[in-house]
Amino acid sequence: MTPTTFASLGLAEPILRALDARGYTTPTPIQHGAIPSLLAGRDLLGIAQTGTGKTAAFALPILQHLNDRPGRARPFGTRCLILAPTRELALQIETEIRSYAVNLKVSTAVILGGVGRRPQEERMRRGPDIVVGTPGRIRDLMGTKHLRLDEATHFVLDEADRMLDLGFIRDIRQIVAALPQARQSLLFSATMPPEVAQLAAAFLRDPERVEITPQAPTPERIAQYVHHVDTAGKRALLIDLLTDAAMQRVIVFTRTKHGANRVAEHLDGAGIGAEALHGNKSQSQRERALDRFRSGRARVLVATDIAARGIDVPQISHVINFDLPVEPESYVHRIGRTARAGADGIAISFCDSAERSALRAIERLTRVTISPVGRVPEETRQHDRGPAAAKHGAPHGAPPARNRRRARFRGPARAAA
Ligand code: AMP
């Protein structure tokens with residue numbers, strides 16, 4: 001039977017009080033699925049993305065264990081290591097854990113690249129119970145003996161797929177090798193490509209597997225269109241679409257890292273400010289690219305799926321799928337980048353003849369027939385003026401709102417969201 005309270009999952013009173021103070025009343029599915037076996041000491045393979053409540057799912061049982069088992073780490077040691085792929089996520093996890101630990105005597109530290117090492121070394125001197133960090137800096141501090149993992153009883157690898165895409169595999173292997181054999185290990189990943197499955201097999205022991213599938217329906221407020229186009233015509237079509245000033249802040253998705261580079265270079269060559277974001281970029285290059293995109297100096301961000309996940313850029317006006325994703329679930333993630341915080345958004349997909357089956361898979365998953373628009377932008381402009389619109393018109397059963405949004409997409413400017 002589904003427990004309806006955190007207490008029924010076996011969490012202790014001081015933790016329940018903290019959850020109550022945060023206003024949580026009901027465990028999310030991943031919390032319901034993971035917390036009892038984590039409390040029982042099992043390893044966990046969690047297939048879930050941000051937004052499912054996964055941080056609390058792993059943090060609450062770990063806090064309870066650390067609180068129940070007295071003892072402190074020695075200077076420069078820790079009892080729990082949590083690895084996250086980006087600084088933003090690491091900070092977010094540590095802040096969240098502190099709020100769950102308000103009634104406990106469990107200390108935390110956050111260890112990130114890009115800021116001074118000295119305060120982090122000082123912090124490690126006190127042997128924090130929980131260290132949350134990014135792989136590069138964690139390894140740096142291990143190298144100078146400012147961080148020791150020989151007392152760690154708990155280890156969490158968060159967003160494993162993104163870790164691998166960002167090139168952290170070697171760091172992760174070295175970090176895992178420094179952990180004691182007797183430990184509880186948890187791995188979370190939104191997707192399970194073979195590389196992640198291998199990593200999971202290498203360092204989890206008989207894990208409980210909890211999978212939270214992404215919600216299939218696409219957000220209501222996103223207008224979706226598809227251009228049927230030859231592969232060779234995609235770049236020209238992209239440039240043509242970007243002449244529309246309504247395309248204020250645009251994410252273009254490509255399937256490969258090289259593809260992202262090529263498209264960004266092509267746009268730059270055409271005088272359209274563009275940045276590429278993918279796993280072959282260093283952390284500082286990523287940050288520079290994101291800064292330029294957030295500030296509007298680059299109007300277009302060309303990204304691969306995993307690199308774009310988790311980045312927070314408000315008011316993205318358009319998502320363009322230069323290549324359709326192989327996994328239809330990725331389409332839902334991609335277009336969810338627009339229409340955030342209640343704003344309307346527009347998603348445009350390019351589909352060449354080899355991608356038709358991918359398009360059909362997306363339509364089956366989302367249960368939406370995506371409106372085709374003409375191959376040539378001039379042709380599509382005419383739609384809005386005349387009865388030709390009916391020919392290329394709205395998706396089956398689409399509410400009139402879709403057409404209104406589409407008209408705005410063609411218009412010279414777009415209301416700020
Ligand atoms: P996460 O997937 O860990 O990033 O969590 C997503 C958001 O949901 C965070 O803002 C959490 O604070 C919040 N959250 C986590 N668990 C619950 C819950 N059981 N009830 C309400 N909010 C929650």
Side-chain angles (χ1 to χ4, degrees), residues 1-39 44-64 80-104 106 108 110 112 130-134 154-163 166 186-192 196 208-216 219 306 308-314 329-330 332-333 336-337 340-342:
M1 206 185 80
T2 306
T4 50
T5 63
F6 283 103
S8 62
L9 298 179
L11 292 167
E13 193 272 336
I15 294 179
L16 296 176
R17 265 191 291 134
L19 294 174
D20 199 40
R22 286 207 60 159
Y24 297 2
T25 51
T26 317
T28 66
I30 189 138
Q31 292 161 2
H32 168 227
I35 290 174
S37 44
L38 287 176
L39 284 173
L44 180 86
L45 176 60
I47 305 167
Q49 55 201 341
T50 299
T52 52
K54 68 184 161 74
T55 313
F58 68 73
L60 302 175
I62 292 176
L63 284 171
Q64 183 148 322
C80 169
L81 175 67
I82 299 170
L83 288 182
T86 62
R87 300 196 287 176
E88 297 82 7
L89 185 61
L91 283 166
Q92 200 179 300
I93 291 171
E94 198 252 356
T95 308
E96 199 167 324
I97 292 179
R98 269 192 285 122
S99 83
Y100 302 138
V102 280
N103 305 315
L104 308 175
V106 174
T108 62
V110 61
L112 311 166
I130 298 177
V131 168
V132 186
T134 47
H154 293 76
F155 172 59
V156 180
L157 185 67
D158 200 7
E159 300 208 346
D161 50 358
R162 214 157 143 221
M163 290 273 195
L166 293 175
L186 292 67
L187 182 148
F188 288 88
S189 193
T191 57
M192 204 34 68
V196 176
E208 173 84 43
R209 185 185 162 108
V210 179
E211 182 163 0
I212 306 299
T213 42
Q215 289 194 333
I306 294 175
R309 187 157 351 109
I311 62 162
D312 187 25
V313 181
E329 288 81 7
S330 298
V332 181
H333 293 165
R337 311 301 320 202
R340 293 210 146 179

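One-based numbering, in listed order, for ligands and for the atoms of each. Count residues from 1 along the sequence.
- Residue Gly10 comes nearest to Leu39 through the heavy atom pair O-CD1, 3.5 Å, listed as atom of the first residue, atom of the second, then distance.
- The salt bridge (charged side-chain N to carboxylate O under 4.0 Å, His left out) analysis of residues 9-33, with sequence neighbours excluded, yields the pairs Glu13-Arg17.
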Quick check on ligand 1: any N or O pairs to the protein under 3.5 Å? One line per pair.
residue	atom	partner	partner atom	Å
ligand 1	2 (O)	Gly51	N	2.7
ligand 1	2 (O)	Thr52	N	3.0
ligand 1	2 (O)	Gly53	N	2.7
ligand 1	2 (O)	Lys54	N	3.3
ligand 1	3 (O)	Lys54	N	3.3
ligand 1	3 (O)	Thr55	N	2.9
ligand 1	3 (O)	Thr55	OG1	2.6
ligand 1	12 (O)	Arg22	NH2	3.2
ligand 1	12 (O)	Tyr24	OH	2.4
ligand 1	14 (N)	Tyr24	OH	3.4
ligand 1	16 (N)	Gln31	NE2	2.7
ligand 1	19 (N)	Thr26	O	2.9
ligand 1	19 (N)	Gln31	OE1	3.0

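- Of all heavy-atom pairs between Ala84 and Met163, the closest is C-CE, 3.2 Å.
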Going through the checks in order, is the side chain to side chain contact (heavy atoms under 4.5 Å, CB included) test met by Tyr100 and Ile15?
-> CA-CA 6 Å; Tyr100 302 138; Ile15 294 179; 5.6 Å; no
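- Taking the charged nitrogens against the carboxylate oxygens, Glu96 and Arg98 have no contact shorter than 4.0 Å, which rules out a salt bridge.
- Put simply, the side chain of Thr134 never gets that close to the backbone of Leu112: no donor and acceptor are under 3.5 Å apart.
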